[in-house]
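Heavy atoms only: backbone and side chains are in, while hydrogens, waters and symmetry mates are out.
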Amino acid sequence: MTTPANNTGSNRNWLKTYYFLRFAVSAVWVILAFTVAKSVPLLSAVMLVAYPAWDAIANYLDASRSGGLGQNKSQMLNFIVSVVTAIAVGLALGRGMHAVLQIFGVWAALAGLFQLVTGVRRWKSYGAQWVMILSGAQSGLAAIYMLKKAGDAMPVSIADIAPYAAFGAFYFLVSAVWLTVGDARRGSKTVAIQ
């Protein structure tokens, strides 16, 4: 029989795994963006569409662990916005990187807002959400940077989006480590009590 305590522990374990996975995918994306993708336009195009598509998949997977998208409105909105963004980026690639960067800027603002709301909602149950809240707020700053850069005449590339992904990777790693350390402390207290 699953008790609420067991369910919370299971969800905490899921969150750790989820945050580590989000870190790993973002880190690989950033490394490729700063290296190979800068000189391989086809790879860059695929990566630009894949990044918001992966965010949609990740939000779907995470929400499905806690009642589905219907019970997690902020993740449902993040899922929808990320799917629309992936499609919009695919269409905008023909218009150039400035258009793509504009779309990423708008997406960063919306996805950050929904991530912030999700972090606030989870705060009481799982802890370590201050990092996700900070990440959501930082997405707003990234949005301003990308929108400003998209309006400039200077050339832009995937490397102008990579710092946004790098910060995201960092925040996911910190969240995963924070949960892991918190669980280890709780475990050592439980052993000491017994």
So which heavy atom on [X] is nearest to which on [Y], and how close?
{"X": "A92", "Y": "A99", "answer": "CB-CB, 4.1 Å"}
{"X": "V83", "Y": "A56", "answer": "CG2-CB, 3.7 Å"}
{"X": "F23", "Y": "F172", "answer": "N-CB, 3.8 Å"}
{"X": "N59", "Y": "L69", "answer": "O-CD2, 4.3 Å"}
{"X": "F34", "Y": "P163", "answer": "CZ-CD, 4.1 Å"}
{"X": "L21", "Y": "W54", "answer": "CD2-CH2, 3.8 Å"}

Determine whether [X] and [Y] fall in the same hydrophobic cluster, where Ile, Leu, Val, Met, Phe, Trp and Tyr are linked whenever their side-chain heavy atoms lie under 4.5 Å apart.
{"X": "V156", "Y": "W29", "value": "yes"}
{"X": "L110", "Y": "L48", "value": "yes"}
{"X": "V117", "Y": "I80", "value": "no"}
{"X": "Y164", "Y": "Y19", "value": "no"}
{"X": "W178", "Y": "W14", "value": "yes"}

Over 12 foreign heavy atoms within 6.0 Å of CZ, F170: no
Exceeds 12 heavy-atom contacts within 6.0 angstrom, atom OH of Y60: no
Inter-residue atom distance [X].[atom1] - [Y].[atom2], 0.5 Å rounding:
{"X": "D160", "Y": "M97", "atom1": "CG", "atom2": "CE", "answer": "7.0 Å"}
{"X": "I158", "Y": "L32", "atom1": "CD1", "atom2": "CG", "answer": "8.5 Å"}
{"X": "L179", "Y": "T17", "atom1": "CG", "atom2": "OG1", "answer": "10.0 Å"}
{"X": "I133", "Y": "Y171", "atom1": "CD1", "atom2": "OH", "answer": "12.5 Å"}

Should [X] and [Y] count as side-chain neighbours, where that means a heavy-atom distance under 4.5 Å?
{"X": "I31", "Y": "V36", "answer": "no"}
{"X": "T118", "Y": "N72", "answer": "no"}
{"X": "L15", "Y": "R65", "answer": "no"}

Pairs involving residues 87-112, ordered by first then second residue, that meet side chain to side chain donor-acceptor pair (under 3.5 Å) (sequence neighbours left out): S82-W107
Pairs satisfying side chain to side chain donor-acceptor pair (under 3.5 Å), at least one member in residues 83-93, at least two apart: none
Side-chain donor-acceptor pairs of residues 136-155 under 3.5 Å, sequence neighbours excluded:
unit_1: S139; atom_1: OG; unit_2: S135; atom_2: O; d: 3.3

Exam field: side chain S44 to backbone V40, donor-acceptor pair closer than 3.5 Å: no
